[in-house]
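Notes follow the structure.
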Amino acid sequence: MGIDFKNLLNSKQYDAVRNYEGPVLILAGAGSGKTRVIIYRIAFILEKGIPQKAIMAVTFTNKAAREMSIRIRELAGRHLRNLTISTFHALGSKILRKSIHILGYRPNFSIYDQQDKLALLKDLAHEAGHKHDSIDLYAVSQIFSGIKTGHSTWTAFTEQYEDLYKAYNSHLKLYNAVDFDDLIVLPLRLFQEHKDVLAEYQKQFKYFLVDEFQDTSLLQYQFIKLLAGHTKNLCVVGDDDQSIYSWRGANYENILQFEKDFPHFQEIKLEQNYRSTGKILLAANQLISNNKNRKGKKLWTGTEDGELIQFCIVENEKEEGSYIAEQVKAIKLKHKVPLSQFGVLVRTNSLTRSIEEAFITYHIPYKVSGGMSFFQRKEVKDIIAYLRIIANPDDDVNFLRIVNVPKRGIGRKSIEYITHIATEKSCSLFSAMSAIRHAADSEINKKIKTEIIEFINTIEYYKQKFFSRKKLAETLRGLIDHIDYWGYLVQEYKKGNTAKWKYMNVEGLVNSLADYEDDPDNLDPNLYAYLNRITLLTQDDNQDEENEEKVNLMTIHSAKGLEFTAVFLAGVEESIIPHVRSMSEDESNREEERRLFYVAITRAKKHLYITACRQRRKKGKVEEVQISPFMEEIPKDLINVCEHEDEVTQEDAEDYFKKMRLGKGL
DNA sequence: CGTCTCCAGGTTTTT
DNA sequence: CCTGGAGACG
């Protein structure tokens with residue numbers, strides 16, 4: 001490739017790149033060129049003649065993995081197909097696809113997301129005789145997650161759910177399904193209990209990179225440690241100030257553990273920030289210095305001071321939306337910032353709506369990532385459920401989802417009967433149903449029996465079709481027509497053009513499958529691989545949209561690792577950030593919320609706009625809200641306070657907190 | 001027995 | 001505003 005590494009990197013970055021052997025810990029502050037270092041490091045390793053397939057780079061989100069592939073492709077000038085750049089979960093799913101039979105599952109396993117998991121728990125809780133609202137299944141599912149990942153143990157309180165937990169896991173196994181936690185837990189178990197499997201992977205992979213190391217969980221760390229224990233060529237990159245996933249078991253103390261496990265590691269600190277202007281960086285530094293529990297580092301920048309941070313207090317979320325839309329237009333015009341360089345960040349997914357509406361009104365193209373992602377929409381999930389049943393008929397959760405969608409007369413009583421048979425034979429619902437087909441006499445009436453046979457035939461017909469011929473998307477289109485899903489939508493959603501909209505989403509799914517099978521990078525496109533893939537894809541839908549001229553709207557969590565010339569931070573209000581639900585417990589939660597705010601601020605290169613409302617609509621009710629206390633932690637001389645439309649002078653702005661509380665008497 | 005209609009509730013962040 | 005549940009019809 002002939003890259004002049006030395007001149008393209010500063011001396012610290014260069015160190016981080018060229019020390020490619022042995023354990024390396026890179027502590028990289030926000031905007032210090034972390035991703036750049038990883039990209040160049042991979043390029044450097046490749047230049048040393050190491051084959052692509054010996055390199056494994058693990059990131060945290062699909063977005064980050066995609067970003068990384070694109071950038072390495074740009075740098076290398078070619079597509080590196082055998083390079084492994086993946087999330088932990090996607091990696092786990094690949095390993096399981098290959099070796100899950102060792103653990104007694106079949107290779108066509110289903111992956112259950114949160115919704116599937118809850119559906120299963122709901123059934124089991126019902127069966128166990130728990131009254132419908134006597135049990136908070138959402139909380140229970142989180143407890144189970146903690147137990148499974150070893151993040152927590154049974155307590156006097158949680159013990160009551162132990163039976164449910166056992167039932168949950170045995171049913172997963174019966175359905176030949178795994179949940180998200182299993183994607184880490186099971187590969188780890190494979191490695192620990194089947195040394196030959198581990199050896200196989202160790203033989204292939206020699207160089208390891210882990211991005212966002214502060215966000216890895218204990219199990220994920222153990223997983224990578226096993227793989228890399230062999231060569232010790234493990235490079236981890238992290239920043240304790242950007243640890244925002246502790247609720248999911250992330251543990252930045254993995255950094256300490258790393259130091260223990262790999263005693264002769266090299267430590268490299270990247271503290272020069274190339275991203276943000278002086279004022280933005282100063283604000284971020286001041287804010288984060290309020291956290292007690294941190295390693296402490298000084299980020300500095302050589303770039304200009306830049307403009308003040310704009311803080312705008314508006315009446316309600318509607319005004320907030322139009323303020324942001326107007327400012328986007330103004331900045332785009334004045335500073336010639338392309339739309340793709342705008343990031344609008346919010347704490348929760350539900351906050352995107354009002355901003356989206358404003359963008360639509362102002363004709364500003366935008367895209368939202370995360371949230372109710374495409375693949376979780378009801379209509380899309382229905383069709384996916386068909387595919388899942390075709391791939392794995394034992395998947396009861398997805399079976400129940402579609403056995404009577406569209407309506408085919410197989411209602412509650414019939415299902416109860418099938419369930420009864422399934423329990424008796426301890427087999428899946430689909431098997432039980434197939435048994436009914438052949439049984440001479442059964443308690444099921446003729447008409448329903450005909451429907452059952454028709455359903456089974458449909459599934460089997462398409463199963464054979466999906467696996468015998470290559471045209472996946474075309475086959476899916478045939479299936480959708482066959483079950484007359486369109487007719488179902490029309491009947492179900494009579495008002496407005498909801499049905500049409502939903503059908504467009506269904507078509508979107510077909511297109512996604514078409515894109516998948518037409519992608520030349522997919523050497524072996526097949527239904528199993530496609531299903532596994534989309535289950536892990538919560539974020540943005542498809543391919544290379546990165547060139548599109550659109551404003552980016554997303555949560556702070558999904559903005560991690562990204563940067564934008566102009567950042568808008570909306571809904572900076574008490575109870576949103578820090579979020580009410582995080583405040584309940586101890587101070588460490590507050591610190592995490594502060595880190596979240598820190599991550600948000602440090603996404604901005606040049607322009608940072610913060611907005612807060614006086615009142616906000618929550619669940620239909622309008623509520624008075626206060627400014628986030630974190631705003632007080634940013635030095636006032638870095639901020640220009642304004643009202644929507646009326647610019648406010650600096651003296652007026654002196655005490656914006658007081659003014660807020662007095663209401664709108666500005 | 002299955003379906004339709006009306007009513008309540010809403011889960012922080014992601015894989 | 002949208003999804004799921006409960007109870008009324010057909």
Side-chain angles (χ1 to χ4, degrees), chain A residues 59-65 86-93 111-115 117-119 122 126 132-133 136-142 145 149 178-184 212 215-217 220 244-250 345-351 353-354 357 369-373 375-378 381 404 406-417 443-445 447-448 451 491-496 498 502 532-539 554-560 571 575-584 589 592-593 595-596 599-600 617-621:
Chain A
T59 65
F60 213 60
T61 59
N62 296 305
K63 212 189 192 83
S86 174
T87 63
F88 275 105
H89 289 83
L91 198 61
S93 114
I111 301 172
Y112 278 10
D113 65 13
Q114 183 73 17
Q115 273 181 59
K117 186 176 177 178
L118 279 175
K122 199 191 267 169
H126 184 73
H132 184 256
D133 42 2
D136 180 354
L137 289 175
Y138 188 79
V140 169
S141 86
Q142 298 204 315
S145 201
T149 56
V178 301
D179 63 18
F180 275 136
D181 298 322
D182 287 327
L183 291 178
I184 309 299
E212 308 287 6
D215 286 331
T216 51
S217 69
Q220 286 165 338
I244 54 174
Y245 282 96
S246 67
W247 50 273
R248 188 171 117 178
L345 312 185
V346 289
R347 172 69 235 264
T348 65
N349 285 304
S350 55
L351 296 176
R353 197 181 204 100
S354 54
E357 278 162 14
S369 9
M372 179 66 128
S373 97
F375 294 107
Q376 318 217 343
R377 291 178 192 158
K378 198 173 171 336
K381 275 217 109 178
N404 204 26
K407 304 257 158 63
R408 49 173 71 88
I410 305 175
R412 211 188 70 231
K413 260 276 131 58
S414 310
I415 305 270
E416 262 170 31
Y417 179 67
E443 294 159 43
I444 295 262
N445 82 38
K447 189 167 161 285
I448 290 171
E451 290 295 342
Q491 189 209 354
E492 203 78 353
Y493 303 96
K494 290 192 181 82
K495 56 187 174 200
T498 322
K502 294 203 176 232
N532 284 359
R533 184 186 138 105
I534 58 173
T535 315
L536 297 176
L537 228 71
T538 23
Q539 306 237 356
M554 67 187 88
T555 64
I556 301 172
H557 280 88
S558 27
K560 195 157 78 137
S575 90
I576 291 180
I577 181 162
H579 199 275
V580 257
R581 295 192 68 120
S582 74
M583 300 278 280
S584 48
N589 284 330
E592 176 142 322
E593 293 289 311
R595 287 194 294 270
L596 204 47
V599 167
R617 208 180 184 85
K618 289 176 182 170
K619 288 182 213 160
K621 276 243 186 272

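Residue numbers start from 1 in every chain, and the chains themselves are labelled A, B, ... in the order their sequence lines are given, proteins ahead of strands. Computed over heavy atoms, backbone and side chain alike; hydrogens, waters and symmetry mates excluded. Since the model is a prediction, treat every value here as computed from it, not as a measurement.
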request  = Grab the CD-P distance between A:Glu416 and B:dC1 for me, whole Å please.
outcome  = 9 Å
query = DNA chain B: A:Ile410 or A:Glu592, which has the more 5' nearest nucleotide?
reply = A:Ile410
query = Does C:dT3 have OP1 or OP2 sitting under 4.0 Å from an N or O in the side chain of A:Lys502?
reply = yes
query = From B:dT14, B:dT12, B:dC4, pick the nucleotide closest to the side chain of A:Lys407?
reply = B:dC4
request  = Please examine the side chains of A:Trp247 and A:Gln142, heavy atoms only from C-beta on, and report whether any two atoms are closer than 4.5 Å.
outcome  = no
inquiry  = Just to be sure I understand the rule, does A:Phe60 reach a base, reach only the sugar-phosphate, or reach nothing, if contact means heavy atoms closer than 4.0 Å?
reply    = sugar-phosphate
key: Interatomic distance, A:Arg377 atom CZ to A:Lys502 atom NZ [nearest 0.5 angstrom]   = 9.5 Å
task = Check the distance between B:dT11's P and A:Leu351's CG and give it to me in whole angstrom.
result = 13 Å
request  = Mind checking A:Asp181 for me? I need base, sugar-phosphate or nothing, with any heavy atom below 4.0 Å counting as a touch.
outcome  = nothing
message = Do A:Ser558 and A:Thr61 have side chains that approach each other closer than 4.5 Å (heavy atoms only, starting at C-beta)?
response = no
key: Side chain of A:Ile448 (C-beta onward), nearest among C:dT3, B:dG2, B:dT13   = B:dG2
key: A:Ile556 CD1 to B:dT14 P, straight-line distance once rounded to whole Å   = 11 Å
ask   = Counting side-chain heavy atoms from CB outward, which of B:dT14, C:dC1, B:dT13 is closest to A:Arg353?
value = C:dC1
inquiry  = Among B:dC1, B:dT12, B:dT14, which nucleotide has an atom closest to any side-chain atom of A:Thr348?
reply    = B:dT12
Under 3.5 Å donor-acceptor, A:Asn404 side chain and A:Gly409 backbone = yes
request  = Could you tell me whether A:Gln491 contacts a base, only the sugar-phosphate backbone, or nothing, with contacts defined as non-hydrogen atoms closer than 4.0 Å?
outcome  = sugar-phosphate
ask   = Is there ring stacking between A:Tyr245 and B:dT14, where the centres must be under 5.5 angstrom apart and the planes under 30 degrees?
value = no
request  = Please check if any side-chain donor atom of A:Asp181 sits under 3.5 Å from a side-chain acceptor atom of A:Thr149, or the reverse.
outcome  = no
ask   = How many Å lie between CD1 on A:Ile244 and P on B:dT12, as a whole number?
value = 17 Å
inquiry  = Please classify the nucleic acid contact of A:Ser350 as base, sugar-phosphate, or nothing, using heavy-atom distances under 4.0 Å.
reply    = nothing
message = Any side-chain N or O of A:Thr555 below 4.0 angstrom from OP1/OP2 of B:dT12?
response = no
task = Using a heavy-atom cut-off of under 4.0 Å over every strand shown, decide if A:Lys381 touches base, sugar-phosphate, or nothing.
result = nothing
ask   = Are any of A:Ser558's side-chain N or O atoms less than 4.0 Å away from OP1 or OP2 of B:dT13?
value = no
ask   = With respect to the side chain of A:Lys122, which nucleotide from C:dG4, B:dT14, B:dT13 is positioned closest?
value = C:dG4
inquiry  = Distance check needed: C:dT3 P versus A:Gln114 CD, whole Å only.
reply    = 18 Å
message = Return whichever of A:Leu596 or A:Gly411 has its heavy-atom-nearest nucleotide of DNA chain B closer to the 5' end.
response = A:Gly411
inquiry  = What's A:Leu183 touching, base or sugar-phosphate or nothing? Going by heavy atoms closer than 4.0 Å.
reply    = nothing
inquiry  = Tell me the interatomic distance from A:Asn404, atom CG, to B:dC1, atom C1', rounded to whole angstroms.
reply    = 12 Å
remark   = note: A:Asp215, atom CG; B:dT13, atom P; distance rounded to Å ~ 16 Å
message = Tell me the interatomic distance from A:Leu137, atom CG, to B:dG9, atom P, rounded to whole angstroms.
response = 17 Å
message = The test is salt bridge (charged side-chain N to carboxylate O under 4.0 Å, His left out); show your working for A:Arg412 and A:Glu416 and say whether it passes.
response = CA-CA 6 Å; A:Arg412 211 188 70 231; A:Glu416 262 170 31; 3.7 Å; yes
query = Side-chain N or O of A:Asn349 less than 4.0 angstrom from OP1 or OP2 on B:dT14?
reply = yes
